[in-house]
Each structure stands twice: as C-alpha cells, then as structure tokens.
Amino acid sequence: MDEQLQQMEKRMNERFDRMEKMVADLIGVVGKTNAMVSDVKQEMASIRSDIKRMEGAAALVDKRLDWQSAKIGQLEEKVAVK
C-alpha cells in the first residue's frame, strides 16, 4: 500500500511538473503575443501618420492643379481673343 501511494504521489508530481511547464510556456506565448501586438499598433500609428501626410500632399497637389487649370483657361482666352 505504501508503495502504491508513493507511485501515485510520483505520478501526481510529474503531472504537476508538466502542468507547471505548460503554464510557463503559455505565459511566454502570451508575452510574445503582447509584444507583437504592441509592435503592430506602433506600425499602424506610423502608417496612419503617413496616410495623413499623403492626404495633405494630395490636397495641395489638387489645389495647384486647379490653379494651373485656371491659368491655362486664362491663357486660352487671351489667345482666342487675339
């Protein structure tokens, strides 16, 4: 009976050791995942900033294009009058 208890205790300890290792591995995976999510969030913030700058640049190009089109229209009128 004493030997059976020792075997049961040994098996339980082995199970606890495996469970402890699994929990430690899981904590490691969660930590790495959190780090990756943080990196992705930083990249997304950078991308959003880049997009806002590009939208501003595109708006400026549109304004310049409108100005150039107006200038061309004025020149066409002057040429047509002469």
Side-chain angles (χ1 to χ4, degrees):
M1 184 77 144
D2 191 36
E3 187 177 320
Q4 285 179 331
L5 286 174
Q6 287 176 347
Q7 287 178 352
M8 284 178 57
E9 185 179 358
K10 182 181 175 185
R11 283 192 302 247
M12 285 177 53
N13 285 335
E14 288 171 353
R15 284 184 179 177
F16 285 136
D17 289 344
R18 285 194 306 266
M19 288 173 58
E20 187 177 305
K21 184 178 180 340
M22 287 172 53
V23 169
D25 290 346
L26 181 59
I27 289 170
V29 167
V30 169
K32 288 177 184 176
T33 301
N34 286 343
M36 289 171 52
V37 168
S38 177
D39 290 346
V40 169
K41 284 181 179 180
Q42 288 176 349
E43 287 179 32
M44 288 299 296
S46 176
I47 289 170
R48 284 187 179 115
S49 176
D50 290 345
I51 288 172
K52 286 184 180 185
R53 277 198 310 271
M54 285 191 276
E55 287 173 342
L60 183 58
V61 167
D62 284 343
K63 286 181 181 181
R64 288 180 180 170
L65 183 59
D66 289 343
W67 182 83
Q68 291 292 332
S69 296
K71 265 313 220 189
I72 290 171
Q74 290 171 356
L75 290 173
E76 287 173 343
E77 285 178 17
K78 284 182 181 179
V79 169
V81 169
K82 291 183 178 185

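The distance from the CE atom of M12 to the CE atom of M19 is 10.5 Å, given to the nearest 0.5 Å. Between atom CD of residue E14 and atom CG of residue D17 there is a gap of 7.5 Å, rounded to the nearest 0.5 Å.
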Identify each donor-acceptor pair in which a side-chain atom of residues 57-76 lies under 3.5 Å from a protein atom, sequence neighbours left out, and give them as a table.
{"from": "S69", "atom 1": "OG", "to": "L65", "atom 2": "O", "distance (Å)": "3.0"}

Using residues 40-51 as the side-chain source, report each donor-acceptor pair under 3.5 Å to any protein atom, sequence neighbours left out, with the distance given to one decimal.
{"from": "S49", "atom 1": "OG", "to": "R53", "atom 2": "NH1", "distance (Å)": "3.3"}
{"from": "D50", "atom 1": "OD1", "to": "R53", "atom 2": "NH2", "distance (Å)": "2.4"}

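Pairs passing the side chain to side chain donor-acceptor pair (under 3.5 Å) check and including a residue from residues 18-31, sequence neighbours excluded, read K21-D25.
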